[in-house]
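To start, the structure itself, in structure tokens.
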Number of protein chains: 2
Amino acid sequence: MNIADIAKIAGVAKSTVSRYLNGGSIGEATRKKIESVIKETGYSPNKFAQSLKAKRTNMIGTIVPRLDSYATSQTLIGIDKQLLDMNFQLVISNTSQSLDREIEYIYSLAKQKVDGIILMATEITDSHLEAFEAVKIPIMLVGQQHDQYHSLIHDDFEASYELGKNVLKKGHRKIAYLGVSEKDIAVGIKRKEGFRKAVSEQPGCEVAFFETSFKIEDAIKKVPEIIEEYHPSLIFCATDNIALGALKAANMRGLSVPRDLSITGFGGYDITKITYPGITTAKFHYKEAGKISAKNMVQLINGEQLSKITLSTYKIIERESVDKLID
Amino acid sequence: MNIADIAKIAGVAKSTVSRYLNGGSIGEATRKKIESVIKETGYSPNKFAQSLKAKRTNMIGTIVPRLDSYATSQTLIGIDKQLLDMNFQLVISNTSQSLDREIEYIYSLAKQKVDGIILMATEITDSHLEAFEAVKIPIMLVGQQHDQYHSLIHDDFEASYELGKNVLKKGHRKIAYLGVSEKDIAVGIKRKEGFRKAVSEQPGCEVAFFETSFKIEDAIKKVPEIIEEYHPSLIFCATDNIALGALKAANMRGLSVPRDLSITGFGGYDITKITYPGITTAKFHYKEAGKISAKNMVQLINGEQLSKITLSTYKIIERESVDKLID
DNA sequence: CTGAAAGCGCTTACAG
DNA sequence: CTGAAAGCGCTTACAG
């Protein structure tokens with residue numbers, strides 16, 4: 001059943017059916033005839049033939065570093081929902097944390113003629129820029145920013161600054177900051193800087209900086225060293241996963257959180273309210289951010305104006321993992 | 001840059017280039033010529049034109065009930081990885097737990113000409129069967145089974161039976177089983193039945209059955225009632241999420257796990273080893289299951305033989321959430 | 001408002 | 001082994 005069949009049955013030309021399908025001007029009588037034929041036959045146009053001519057696929061590619069992370073899932077859910085509403089389809093490409101595959105996927109999505117690419121970025125290298133340049137389709141960065149491209153970022157600096165002030169206000173003065181590599185601008189640098197600003201405004205504060213990976217296991221191993229070396233009253237973790245590791249490590253040493261050690265996370269993963277104690281954290285609105293980035297992407301595709309940077313909001317969530325040392 | 005350009009530059013016919021691309025028989029000299037031209041020009045064939053003729057897209061659709069679940073993510077990662085190796089592309093459709101949308105996606109993926117559909121099923125209704133029938137492409141069920149269709153299932157019954165025996169051996173005799181709706185055959189019925197078999201083999205055992213949803217929050221609310229009503233020594237939870245809720249609820253009541261209350265989970269989510277105490281659970285190998293289902297799907301597409309049911313393995317993981325009452 | 005024709009970029013018998 | 005031609009199912013000027 002193709003457009004020719006429908007045309008024949010309806011007694012019109014193929015081009016007329018095509019016009020009907022694409023919202024061209026049609027006489028009332030023919031419109032009704034075609035409409036009923038399509039309904040009866042259950043006809044639906046072949047996407048490949050459409051795309052072959054029209055050069056527009058109504059598909060958006062999203063490249064993610066991993067599928068098994070709260071931030072990724074939530075963002076994807078938001079993108080997917082928004083795209084569905086706007087009549088676009090989401091194509092997900094998972095790189096399993098390989099930067100090389102990230103580059104490959106930029107090219108292969110372009111080859112697949114997606115109308116745009118949303119990249120949940122961790123790092124923007126020269127190869128990325130080269131690929132962006134080469135594919136000539138709209139690119140939207142999520143989670144990291146770059147002067148040349150449109151991006152949606154979380155307010156890592158402000159969130160960290162505010163969370164930092166929050167724990168200082170509770171009286172913590174000897175704090176271990178447990179962060180990640182500075183290759184990651186957003187998580188590695190911005191969060192650290194926001195925290196640093198908070199402590200710089202608080203006299204009599206002592207801080208030590210440590211580094212670990214994004215893996216919970218590595219945090220579990222790292223935290224005991226920090227405790228022994230530095231004896232902080234609070235560990236300020238750059239991600240919720242790191243905080244989860246810190247909590248586990250503390251529990252395993254028989255330390256009671258927050259009485260013996262306070263912990264904060266970052267991200268606002270659902271699991272932070274399920275642990276015991278619940279973890280104080282800066283919550284990002286990933287699902288919402290996904291929706292916005294999808295909206296932005298479609299604006300880009302339609303050639304509309306869009307500011308280079310969109311800032312997503314955050315919220316500090318106080319739970320039980322931080323002890324109040326003073327009042 | 002299309003196949004005609006390549007043909008012209010190489011001084012051969014389009015059909016010859018096409019044959020080169022698709023592994024037909026080609027003279028050594030022409031092969032080299034075409035090869036070098038393609039390399040120089042960076043040509044790559046238009047997917048839509050290919051699919052329009054060839055009727056094969058090398059795409060597999062996977063329908064998932066949600067994106068934010070450990071089981072889903074892991075399974076998808078496995079499917080994706082395996083498909084990549086076999087030169088297929090994965091298209092993910094997320095239904096956000098809507099059965100209606102599940103049906104819709106079966107049709108729309110078929111319209112998109114995916115070569116097969118992997119359905120991470122929760123429930124198989126008549127509409128599903130109707131859709132399977134209508135689309136006429138290979139269907140592979142994951143997580144649930146149906147006589148008429150190929151499926152990959154986890155060994156819910158045996159896993160539950162073995163986990164049940166395990167906790168009975170530790171001396172638990174008054175147990176609350178906290179399950180989910182029987183609409184879900186695998187999780188709602190099979191796990192319950194496996195557990196039931198274990199207790200039926202243990203004289204002097206008292207058991208009460210309760211039901212909740214898949215949501216952690218609901219378990220948190222439900223568990224206190226169970227404790228007050230029934231005072232079990234152990235709560236046998238049908239999923240890890242439910243166990244997580246039970247653990248939180250117990251902690252919130254000031255109960256120490258496992259001293260005051262033992263808890264078991266089901267699924268083997270990573271988070272169960274991060275909680276304190278770690279949760280005893282039956283671990284399913286989701287990633288592996290994803291790989292296998294992808295392999296099976298490709299076999300189906302190639303018209304190869306495949307048994308209706310493939311059983312994925314499990315492993316009982318003992319951690320600290322279960323107290324040893326006797327030795 | 002409607003139709004005939006060309007063309008999008010491939011693949012696939014068919015002939016040689 | 002290679003080529004000319006038809007066709008996959010649409011869309012899009014162009015005419016009327």
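Below, chain A is the first sequence line, B the second, and so on; all start at residue 1.
Only at 4.0 angstrom or more do the heavy atoms of residues 25-42 of chain B sit from any atom of DNA chain C, so none qualifies.
Aromatic ring pairs are classed by plane angle as parallel below 30°, tilted from 30° to 60° and perpendicular above 60°; the pair A:Tyr149 and A:His146 is tilted. Below 30°, between 30° and 60°, or above 60°: for A:Phe48 and B:Phe48 the angle between ring planes is between 30° and 60°, a tilted geometry.
When the C1' atom of C:dG7 is taken as reference, atom CG of B:Leu52 falls 12 Å away, rounded to whole Å.
Side-chain N or O atoms of A:Asp115 include one that pairs as donor or acceptor with a backbone N or O of A:Thr57 at under 3.5 Å. Checking side-chain atoms of A:Asn302 against main-chain N and O of A:Glu304 turns up no donor-acceptor pair under 3.5 Å. Checked by atom type and distance alone, the side chain of A:Glu123 never pairs as donor or acceptor with a backbone atom of A:Asp184 at under 3.5 Å.
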Open item on the list: Assess the residue pair A:Asp5 and A:Thr41 against the criterion (side chain to side chain donor-acceptor pair (under 3.5 Å)); give the C-alpha distance rounded to whole Å, side-chain angles, the decisive distance to 0.1 Å, and a yes or no.
Closed with: CA-CA 10 Å; A:Asp5 297 324; A:Thr41 56; over 6 Å; no
Open item on the list: Would A:Leu119 and A:Phe132 count as a side chain to side chain contact (heavy atoms under 4.5 Å, CB included) here? Give the steps.
Closed with: CA-CA 11 Å; A:Leu119 174 63; A:Phe132 295 163; 3.7 Å; yes
TODO: Check the pair B:Tyr107 / B:Val135 against side chain to side chain contact (heavy atoms under 4.5 Å, CB included), numbers first and verdict last.
DONE: CA-CA 7 Å; B:Tyr107 290 109; B:Val135 298; 4.0 Å; yes
Task: Worked verdict on A:Leu99 versus A:His128 for side chain to side chain contact (heavy atoms under 4.5 Å, CB included) - done: CA-CA 9 Å; A:Leu99 278 184; A:His128 284 81; 3.9 Å; yes
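Side-chain contact of A:Gln145 with A:Lys190: a donor-acceptor pair under 3.5 Å is present, judged by distance alone.
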- [ ] Could you provide the dot-bracket string of DNA chain C, using ( ) for intrastrand pairs, [ ] for crossing pairs and | for bases paired to another strand, with Watson-Crick or G-U pairs below 3.5 Å?
- [x] |||.||||||||.|||
Open item on the list: Return a single string for nucleotides 10-16 of chain C, one symbol per nucleotide in 5' to 3' order, where B is base contact, S is sugar-phosphate-only contact and - is none, cutoff 4.0 angstrom on heavy atoms.
Closed with: BBBB---
